[in-house]
Number of protein chains: 2
Amino acid sequence: MSATVGKIAQKGSKKPRYQELAEDLRAEILSGEYPDPTQFPTESALCARYGVSRFTVREALRSLQTEGLIQRRRGSGTVIQPASARGGALHQPLSNVGEILQYARDSKYLFTPMGKALLPKKFAVHIGEVASGRWHHFRGLRVRQGQSGPIALTDAYIHPDLEAAASQIKPNEDTIFRQIERLSGIRIARVTQDIQAVPASSTVAAELGVPRRSPCLRILRCYLDATGRILEISASHHPGDRFAYTMHIEVEG
Amino acid sequence: MSATVGKIAQKGSKKPRYQELAEDLRAEILSGEYPDPTQFPTESALCARYGVSRFTVREALRSLQTEGLIQRRRGSGTVIQPASARGGALHQPLSNVGEILQYARDSKYLFTPMGKALLPKKFAVHIGEVASGRWHHFRGLRVRQGQSGPIALTDAYIHPDLEAAASQIKPNEDTIFRQIERLSGIRIARVTQDIQAVPASSTVAAELGVPRRSPCLRILRCYLDATGRILEISASHHPGDRFAYTMHIEVEG
DNA sequence: TAGTGGTCTAGACCACATT
DNA sequence: ATGTGGTCTAGACCACTAA
């Protein structure tokens, strides 16, 4: 656990060095290894400590920066972003990375299979595709510990080509897309998000326990593989008063 | 206009090479220079064409990728993302870059000074600060050509320390934050965004021309300088049925 | 097998902030 | 004057895709 003599194991893992390094530093930051936010190591210090080049260090720090964990300034150095600036109680933490895909920190996700169905028109229009065939449909609720009502209702549809994998998906084991990855062997490479404010439909209202037509944040997601094929498409409805989407942007130049 | 013998002027500009290169390529893509999306140049081709190293090329392509303009795959190459996947008619383009700050492609922004006032409680709570003093207040409407109603109502507050600059801001010249940058000499380095669904208040409803309590996308922005000081804070309300926020995420690894 | 993009090194110069 | 992070070069090896 002591982190002064860091060493990045490269054993069987195929992960690039800068990712291992990023995970290492992320863990340190979150565990409060640096009580003084301004005492975060410099690039050259990290190079020496881990025995890697500056490229590797900078690539790792770039990740942490887009997550809003650190902030960097030419001439001054790197400082850790105070937790207060990383999102409040109501706020869904991050981020620009694939971490959106595992935002299950202090929340649980329960879903049930809903059989197969044609893709609803709203989706079909959105992706501008023939979208033929019957898609496996799951519906889930995300609940956060110590909070009164659920923070999300999600309807997910799996592409017909993945029927073999979809039929083996088990509720309450892992997120849907990760089970798909494991069962089909296909990796999700890109996600597009579409955020909009909509009134709660009757089903959304009932499931979330909010008044009908009350404002909801609807996040439409397309999960794509490396070749651009759509693997999964989902719509999440979040109650307006229990959920906010937070992000950080660094201005270039 | 011919782009086969690209050359990046580095004259008086202080912009890094990779940014100039990114702008160059972005313009080419958007102007339809590559009818076949798969015929986008390879890294080595761009290195040769612009006489720069691979680092510079990759840094430029990284920008275009996070904007969702191109897609890259090891072994295959770089392809241009079809316009259909870059956001539809209703969709506010992007992105993760500082382009959020200039999303005035086909829209106009009209605002009027509202004098000075204490920071409303909602903001003060959000930034967790004493937030004393009187902040300069502007209110503006963003309208899109060929669209019936406005797509945003924005309330912006300028920090009391920037009063000298704020009092010189002129409506209908440029965005507020860019005028602040010019008038005060301070550069905006970071922006945090907080997206939530809220019901339209009476003023929001009146200004946007939507029913009271109808769902709106509220984007709370903090504009910070390099040292983390808050320069401006704003709340934008977008009608739920006229606006969507689109973003692209690449999964790392 | 040839060529692509992804990772990584070891240097260099610079703008900038702090001292 | 020193040290920081930002930019940039010229190499290298690799995993992967496609011919």
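Quick caveat, the model's predicted, so the values are computed rather than measured. Throughout, a chain's letter reflects where its sequence line sits, starting with A, and its residues are numbered from 1.
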When rounded to the nearest 0.5 angstrom, what is the spacing between [atom1] in [X] and [atom2] in [Y]?
{"X": "A/Y223", "Y": "A/I230", "atom1": "OH", "atom2": "CD1", "value": "12.5 Å"}
{"X": "A/H136", "Y": "A/Q168", "atom1": "NE2", "atom2": "CD", "value": "10.5 Å"}
{"X": "A/D225", "Y": "A/I180", "atom1": "CG", "atom2": "CD1", "value": "11.5 Å"}
{"X": "A/L231", "Y": "A/I176", "atom1": "CG", "atom2": "CD1", "value": "13.0 Å"}
{"X": "A/W135", "Y": "A/D161", "atom1": "CH2", "atom2": "CG", "value": "8.5 Å"}

**Request:** With the side chain counted from C-beta on, respond yes when A/L69 and A/L25 share a heavy-atom pair under 4.5 Å apart, and no when they do not.
**Result:**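 Counting from C-beta outward, A/L69 and A/L25 never come under 4.5 Å.
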
Does a nitrogen or oxygen in the side chain of [X] sit under 4.0 Å from OP1 or OP2 of [N]?
{"X": "B/T78", "N": "C/dG5", "answer": "yes"}
{"X": "A/T42", "N": "D/dT4", "answer": "yes"}
{"X": "B/T56", "N": "D/dT7", "answer": "no"}
{"X": "A/Y18", "N": "C/dC8", "answer": "no"}
{"X": "B/R72", "N": "C/dT4", "answer": "no"}

Please report the distance, rounded to the nearest Å, between [atom1] in [X] and [atom2] in [N].
{"X": "A/E59", "N": "D/dG6", "atom1": "CD", "atom2": "P", "answer": "12 Å"}
{"X": "A/L21", "N": "C/dT7", "atom1": "CG", "atom2": "C1'", "answer": "14 Å"}
{"X": "B/R62", "N": "D/dC8", "atom1": "CZ", "atom2": "P", "answer": "14 Å"}
{"X": "A/K15", "N": "C/dG6", "atom1": "NZ", "atom2": "C1'", "answer": "17 Å"}
{"X": "A/R58", "N": "D/dT7", "atom1": "CZ", "atom2": "P", "answer": "7 Å"}
{"X": "B/Y50", "N": "D/dC8", "atom1": "OH", "atom2": "C1'", "answer": "18 Å"}
{"X": "A/F55", "N": "D/dC14", "atom1": "CZ", "atom2": "P", "answer": "16 Å"}
{"X": "A/R17", "N": "D/dC14", "atom1": "CZ", "atom2": "P", "answer": "12 Å"}

**Message:** Looking at every heavy atom in both A/S236 and A/T154, which two are closest together, and how far apart are they?
**Reply:**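 Minimum heavy-atom separation between A/S236 and A/T154: OG-OG1, 2.8 Å.
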
**Prompt:** How far apart are the closest heavy atoms of A/A165 and A/L183, and which atoms are they?
**Reply:**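 Smallest heavy-atom distance, with atoms named: O-CD1, 3.4 Å.
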
**Request:** Let me know which of A/R58, A/Q81, A/Q71, A/R72 forms a side chain to side chain contact (heavy atoms under 4.5 Å, CB included) with A/Q65.
**Result:**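 The side chain to side chain contact (heavy atoms under 4.5 Å, CB included) with A/Q65 is passed solely by A/R72 among A/R58, A/Q81, A/Q71, A/R72.
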
What protein N or O atoms touch nucleotides 12-18 of chain C N or O atoms at under 3.5 angstrom, if any, and at what distances?
residue	atom	partner	partner atom	Å
C/dA12	N6	A/R54	NH1	2.9
C/dA15	O4'	A/R74	NH1	3.4

**Request:** Mind grabbing the angle between the end helix axes of the helix from C/dT1-D/dA18 to C/dT18-D/dA1? Five pairs an end, 10° rounding.
**Result:**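 For the helix from C/dT1-D/dA18 to C/dT18-D/dA1, the axes at either end differ by 0°.
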
